[in-house]
Amino acid sequence: MKPSIQILGLFVACSLAWINGLPAAFPAIADVQSNIDRGPPNIVFLFTDDHAYQSIGAYGSTLVETPHLDQLAKSGMRFDRCLVTNSICGPSRATILSGKYSHANGFLTNNHGVFDGSQVTFPKLLKSAGYQTAMVGKWHLVSDPTGFDYWHVLPGQGAYYNPPMIEMGKQIKHTGYTTDIITEISLDWLKRRDMSKPFLLMCQHKAPHRNWQPNLKHLGHDQDRKYPEPSTLFDDYSGRGNAEHEQDMTIAKTMSKDDLKLDEPKGMTPEQLEKWNAYYKPRNEKFRNDNLQGKDLVRWKYNRYMHDYLACTKSVDESVGRITDYLKANGLDDNTLIVYSSDQGFYLGEHGWFDKRWIFEESLRTPLIVNWPGVVKPGSTCSQIVSNVDFAETFLEAANVPVPMDMQGRSLIPLLKGETPADWRKSFYYHYYEFPGPHSVSKHYGVVTDRYKLVRFYDKDVTYSELFDLKTDPQELRSVFGEPTYASVQSELETELARLRVELKVPDQDPVEARRGKQ
Ligand code: CA
């Protein structure tokens, strides 16, 4: 583009921005042309809690059908290595909003975290650039949402049935299934929004978070299928250290009667409870009569878990279909950036586990599917290391809003266009802080590359490291830390880990401990 045309383009774009009531967040010159053509894109962020990529058809799963998510991937890009900075609910959300790691945004654990809503977030920046912004569903950051024209959220973890919610500070009691309710509130906002402005909608589900209570219409969706068992369902954690041995997140020992639907749920209407009992009661009676023991008992629990978890994901998939159908029916699909993701990965029986928290693959990797007609090539995939710390920067660049210098991720827009910058990250820093805490997973941090993972566990009686070679050991069953053949790899990873900690300004003292020391 010649300079004179660039200047003309900038003038036109800024004029359009002025007409639309946008303040002086002028678009970058390189992207002016696309803005003249289409205007800033709408952004729809479809988000779930604990949705394992292993249960999504587009990621190769055959556990359950996910036609709407699969369609989103067919018409967009599937990221195969989207890694989270800290694999736990609240901290992941704080990272997404702030574009920063937990130590930088201050929300380190679910246990003690309160999100500082006065800090800069991408919704605030979009709002001040003329976007209309809405947040619906699970928030889970303790403080009230900031940066939104409209918010309607679940308190804390929220309930699966008949959820109380908070609409702009006011308590509201809903009747029905929470995933459907969040979808309906989102659609309702889309219908009555200010049509003259581009918008950001964050539609964030509770599902499929523990305790995996399905929509009653999906009970029995699998016709009592026996699910294929992960080869590590009976993992004995040999080849690894204290942390893996001492966790409390196994299907065998940790799952409660409530998780397994052996107790009647609370908070249902009599009609709902009747449907619940029609499905669970006869199956629970058979289970009690069978008096299963040992591995057979674990297998029963695993199959009950799969039925319930996957039923919850069916409702999520339906929600994706309803929102994308609305966008299409209203001519919004052409210029809307749709992102599907979850706050982190989840175990579906691998290593005998449910839950998340670890730097290991099923926990670290989260689904990411991006649809943006005219920018993203339909049916494309990306194997580069990307992260939830990149989302804020991506949304800001898409809207041509300058990215604050202290955000720690990087916009995915080049990757979405099918271009990989030569200096794209080859390594990734991870840090988990919530110990002591639920599931008793030791604090750890580490560096991840396309092939290796170096992990340092600390905070229990001993501090120790593990090293995994994903090429020879994709299931991460045997640490090779200290083995002579890996000496040079280990040394390189140690150097890279130290470099990343400096680059990301990770404090030497664990920030949770530092806070405790001050109290
Ligand atoms: Ca979560």
Side-chain angles (χ1 to χ4, degrees), residues 45-56 59 69 82-98 101-102 105 107-115 135-142 145 153-160 163 178-179 182 202-214 247-249 251 254-255 259 305 308-313 315-317 319-320 339-350 353-369 387-389 391 430-435 437-441:
F45 185 61
L46 304 173
F47 194 59
T48 43
D49 197 315
D50 298 356
H51 197 181
Y53 60 86
Q54 310 94 295
S55 66
I56 298 175
Y59 281 91
L69 282 166
C82 181
L83 314 182
V84 296
T85 57
N86 180 0
S87 182
I88 184 80
C89 307
S92 173
R93 286 147 210 270
T95 287
I96 289 168
L97 291 167
S98 65
Y101 273 75
S102 306
N105 67 43
F107 199 99
L108 298 138
T109 68
N110 278 348
N111 280 356
H112 302 100
V114 177
F115 186 67
M135 160 69 221
V136 180
K138 186 166 176 185
W139 173 248
H140 205 202
L141 289 170
V142 187
V153 300
L154 294 164
Q157 293 282 8
Y160 268 111
T178 298
T179 305
I182 290 169
M202 300 182 80
C203 171
Q204 305 196 164
H205 292 292
K206 169 185 173 59
H209 190 278
R210 190 185 187 191
N211 55 356
W212 320 293
Q213 293 180 322
Q247 44 64 38
D248 179 22
M249 54 183 278
I251 291 173
T254 315
M255 265 189 188
D259 291 331
Y305 168 42
D308 296 344
Y309 180 95
L310 297 171
C312 291
T313 70
S315 293
V316 165
D317 190 67
S319 172
V320 170
V339 173
Y340 181 84
S341 192
S342 185
D343 59 353
Q344 80 285 306
F346 211 68
Y347 287 97
L348 301 181
E350 301 89 352
W353 291 337
F354 64 97
D355 213 70
K356 56 263 180 177
R357 298 164 199 274
W358 302 96
I359 194 173
F360 303 132
E361 287 298 282
E362 293 86 352
S363 158
L364 176 73
R365 272 181 63 191
T366 200
L368 175 63
I369 299 172
S387 168
N388 59 348
V389 78
F391 293 179
Y430 178 85
H431 203 143
Y432 173 77
Y433 299 90
E434 195 170 289
F435 183 88
H439 300 298
S440 213
V441 172

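Fair warning: this is a prediction, and the values are worked out from it, not measured in the lab. Reckoned from all heavy atoms, side chains included, excluding hydrogens, waters and symmetry mates. Remember, it's 1-based here, ligands and their atoms both numbered in the order they're listed.
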Is the Ca ion (ligand 1) under 3.0 Å from any N, O or S atom of S342?
->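 Checking the Ca ion (ligand 1) against S342, no N, O or S atom falls under 3.0 Å.
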Backbone or side-chain N/O/S of H209 under 3.0 Å of the Ca ion (ligand 1) =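 Here the distance criterion (N, O or S atom, under 3.0 Å) is not met by H209, so no.
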How long is the span from the OH atom in Y432 to the OG atom in S87, to the nearest 0.5 Å?
->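 Result: 8.5 Å between the selected atoms.
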Do D259 and R210 sit within salt-bridge range, that is, some charged N less than 4.0 Å from a carboxylate O?
->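 The answer is yes: the pair qualifies as a salt bridge.
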To the nearest 10 degrees, calculate the angle at the Ca ion (ligand 1) involving OD1 of D49 and OD1 of D50.
->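 It is 80°, given to the nearest 10°.
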Proximal heteroatom of D343 relative to the Ca ion (ligand 1) (N/O/S) |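 Nearest to the Ca ion (ligand 1) within D343's N, O and S set: OD2.
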For D50, which of R357, K138, K206, K356 qualifies under salt bridge (charged side-chain N to carboxylate O under 4.0 Å, His left out)?
->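 Testing D50 for a salt bridge (charged side-chain N to carboxylate O under 4.0 Å, His left out) against R357, K138, K206, K356 leaves exactly one candidate, K356.
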Using only heavy-atom distances, determine whether the side chains of Q247 and W358 contain a donor-acceptor pair under 3.5 Å.
->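 There is no such pair (donor and acceptor under 3.5 Å, judged by atom type) between the side chains of Q247 and W358.
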